[in-house]
Protein chains: 2
Amino acid sequence: MHADKVFKALGDPTRRKLLDLLCEKNGQTLGELCENLDMARQSATQHLGILEEANLVSTVRRGREKLHFINPVPLHEVYERWVRKFERQRLSLLHDLKKELEGG
Amino acid sequence: MHADKVFKALGDPTRRKLLDLLCEKNGQTLGELCENLDMARQSATQHLGILEEANLVSTVRRGREKLHFINPVPLHEVYERWVRKFERQRLSLLHDLKKELEGG
DNA sequence: TTGACATGCAGGTATTCGCCTGCATATTAT
DNA sequence: ATAATATGCAGGCGAATACCTGCATGTCAA
């Protein structure tokens, strides 16, 4: 898993919106997704390409259309291998901070 | 909470490394952190500034030193408000994808 | 007070990013 | 076959990013 690509992909509001749109209705075409985006089709294509590079979206061609599906695996892995690490220490980290801010 | 700043901050390997370093030993000075980074001090300062902007790190001045502490709250919020949404649908999303890839 | 140390600030540069326009290709419908 | 539709590809452009160097400021210790 490439944490870098995943985090970079998530670091843009348009791409997070695309994931949201696919979460509401999985398997949408490029055209369908574009209708909700307010930018040129080509820009959306680029964003979807980045999501695909990060393996957050997988595509299937059907005739002249391209269907887009969320792949939840990388997000899960990012959570498991990265976020949980800090989650485990969350309270003690918060304690460090609070103590120091109080002038400890 | 600003998901955008948080995700953008996490979208760089140096900044994730800084968080890792602070996770091992919270409250380090700029100089201490730099020793583990292999880049100019000023570059590290910029990265720490971005982490601070995203509220992922809080700092306290002590004399001529600046101490850096992890703030786990934004990461927790990003998880709660953003990642969990996909986590909830994880299995059904995986099902969609698998089914389509099989030619369903 | 003076020198060493820790950090701050200004600016410069090459690369990447996010957006665009214009044109090409592939598929479906008439 | 032809026209409409859905997507792909190439290139341009301004802004942001990630790095740097050089110098200034503030703090501690002798």
Side-chain angles (χ1 to χ4, degrees), chain A residues 2-22 25-70 100-101 103, chain B residues 2-22 25-70 100-101 103:
Chain A
H2 308 284
D4 206 58
K5 286 189 178 182
V6 174
F7 277 120
K8 283 210 166 82
L10 293 172
D12 178 276
T14 301
R15 293 195 283 270
R16 290 196 299 277
K17 181 166 185 181
L18 280 167
L19 289 180
D20 276 335
L21 289 170
L22 288 178
K25 184 188 168 195
N26 216 352
Q28 293 186 67
T29 66
L30 172 58
E32 258 176 301
L33 292 167
C34 279
E35 287 170 13
N36 294 286
L37 275 195
D38 196 38
M39 66 176 56
R41 175 181 53 83
Q42 286 83 346
S43 308
T45 303
Q46 274 191 330
H47 285 300
L48 287 166
I50 289 169
L51 288 170
E52 217 175 328
E53 266 287 304
N55 209 24
L56 286 164
V57 161
S58 296
T59 59
V60 177
R61 263 225 111 94
R62 191 175 62 190
R64 64 182 162 185
E65 292 178 324
K66 190 174 184 180
L67 308 184
H68 298 77
F69 292 85
I70 292 187
E100 193 64 31
L101 290 175
Chain B
H2 308 285
D4 207 58
K5 285 190 177 181
V6 174
F7 278 119
K8 283 211 168 80
L10 293 172
D12 179 276
T14 301
R15 293 194 285 271
R16 290 196 299 278
K17 181 166 185 180
L18 280 167
L19 290 180
D20 276 336
L21 289 170
L22 288 177
K25 185 187 166 197
N26 216 353
Q28 292 185 69
T29 66
L30 171 58
E32 257 175 303
L33 292 168
C34 279
E35 286 170 14
N36 294 285
L37 276 196
D38 195 40
M39 67 176 56
R41 175 181 54 82
Q42 285 83 346
S43 308
T45 303
Q46 273 189 330
H47 285 300
L48 286 166
I50 288 169
L51 289 170
E52 216 174 331
E53 267 286 305
N55 210 25
L56 286 164
V57 162
S58 296
T59 60
V60 178
R61 261 224 111 95
R62 191 176 61 189
R64 63 183 162 181
E65 292 176 325
K66 191 174 183 179
L67 308 184
H68 299 77
F69 293 85
I70 291 187
E100 194 64 31
L101 290 177

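Naming: A, B, ... by sequence-line order, numbering from 1 per chain.
- For the side-chain contact (heavy atoms from CB on, under 4.5 Å) with L56(A), the qualifying choice from L18(A), L10(A), I50(A), L48(A) is L10(A), the only one to do so.
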Extract all donor-acceptor atom pairs below 3.5 Å that involve side chains of residues 28-38 of chain A and protein atoms in other chains or at least two apart in sequence.
{"from": "Q28(A)", "atom 1": "NE2", "to": "L21(A)", "atom 2": "O", "distance (Å)": "3.0"}
{"from": "Q28(A)", "atom 1": "NE2", "to": "K25(A)", "atom 2": "O", "distance (Å)": "3.1"}
{"from": "T29(A)", "atom 1": "OG1", "to": "E32(A)", "atom 2": "N", "distance (Å)": "3.1"}
{"from": "T29(A)", "atom 1": "OG1", "to": "E32(A)", "atom 2": "OE1", "distance (Å)": "3.4"}
{"from": "E32(A)", "atom 1": "OE1", "to": "T29(A)", "atom 2": "N", "distance (Å)": "3.1"}
{"from": "E32(A)", "atom 1": "OE2", "to": "K25(A)", "atom 2": "NZ", "distance (Å)": "2.4"}
{"from": "N36(A)", "atom 1": "ND2", "to": "E32(A)", "atom 2": "O", "distance (Å)": "3.4"}

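- Shown for residues 33-40 of chain B: no residue has heavy atoms falling under 4.0 angstrom of DNA chain C.
- Legend: residues meeting ring pair (Phe, Tyr, Trp, His ring centres under 6.0 Å) with F7(A), ordered by chain and number and at least two apart, are W82(A).
- Contact record, A54(B) with K5(B): CB-O, 3.6 Å, taken as the closest heavy-atom pair.
- Here the C1' atom of nucleotide dA6(D) and the CG atom of L30(A) are 8 Å apart, to the nearest Å.
- With sequence neighbours excluded, no residue satisfies side-chain hydrogen bond (donor to acceptor under 3.5 Å, both in side chains) with K66(B).
- Map Q46(B) and T29(B) each onto its nearest nucleotide of DNA chain C; the residue landing nearer the 5' end is T29(B).
- Screening residues 40-52 of chain A for side-chain hydrogen bond (donor to acceptor under 3.5 Å, both in side chains) gives R15(A)-H47(A), E52(A)-T59(A) as the qualifying pairs, with residues at least two apart or on separate chains.
- Judged as a side-chain hydrogen bond (donor to acceptor under 3.5 Å, both in side chains), and not counting sequence neighbours, the contacts of K8(B) are D4(B).
- Listed by first and then second residue, the salt bridge (charged side-chain N to carboxylate O under 4.0 Å, His left out) pairs involving residues 54-65 of chain A are R62(A)-E65(A) (not counting sequence neighbours).
- Of the two residues contacting DNA chain C, namely T45(B) and I50(A), the nearest-nucleotide position lying further toward the 5' end is that of T45(B).
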Please encode protein proximity along nucleotides 23-30 of chain D as a string of B, S and -, counting only heavy-atom distances under 4.0 Å. ----BS--
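- With sequence neighbours excluded, no residue forms a side-chain hydrogen bond (donor to acceptor under 3.5 Å, both in side chains) with N55(B).
- Following rounding to the nearest Å, D12(B) (CG) and dC19(D) (C1') show an atom-to-atom distance of 11 Å.
- At dA18(D), none of the side-chain N or O atoms of S43(B) fall inside 4.0 Å of OP1 or OP2 (strictly under the cut-off).
- Contact footprint of chain B on DNA chain C: nucleotides with an atom under 4.0 Å from a non-hydrogen protein atom, first to last in 5' to 3' order, dA4(C) to dC9(C).
- Using a 4.0 Å cut-off, no side-chain N or O of K8(B) falls inside it from OP1 or OP2 of dT17(D).
- Of all the heavy atoms in L19(A) and I70(A), the pair that sits closest is O-CD1, 3.4 Å.
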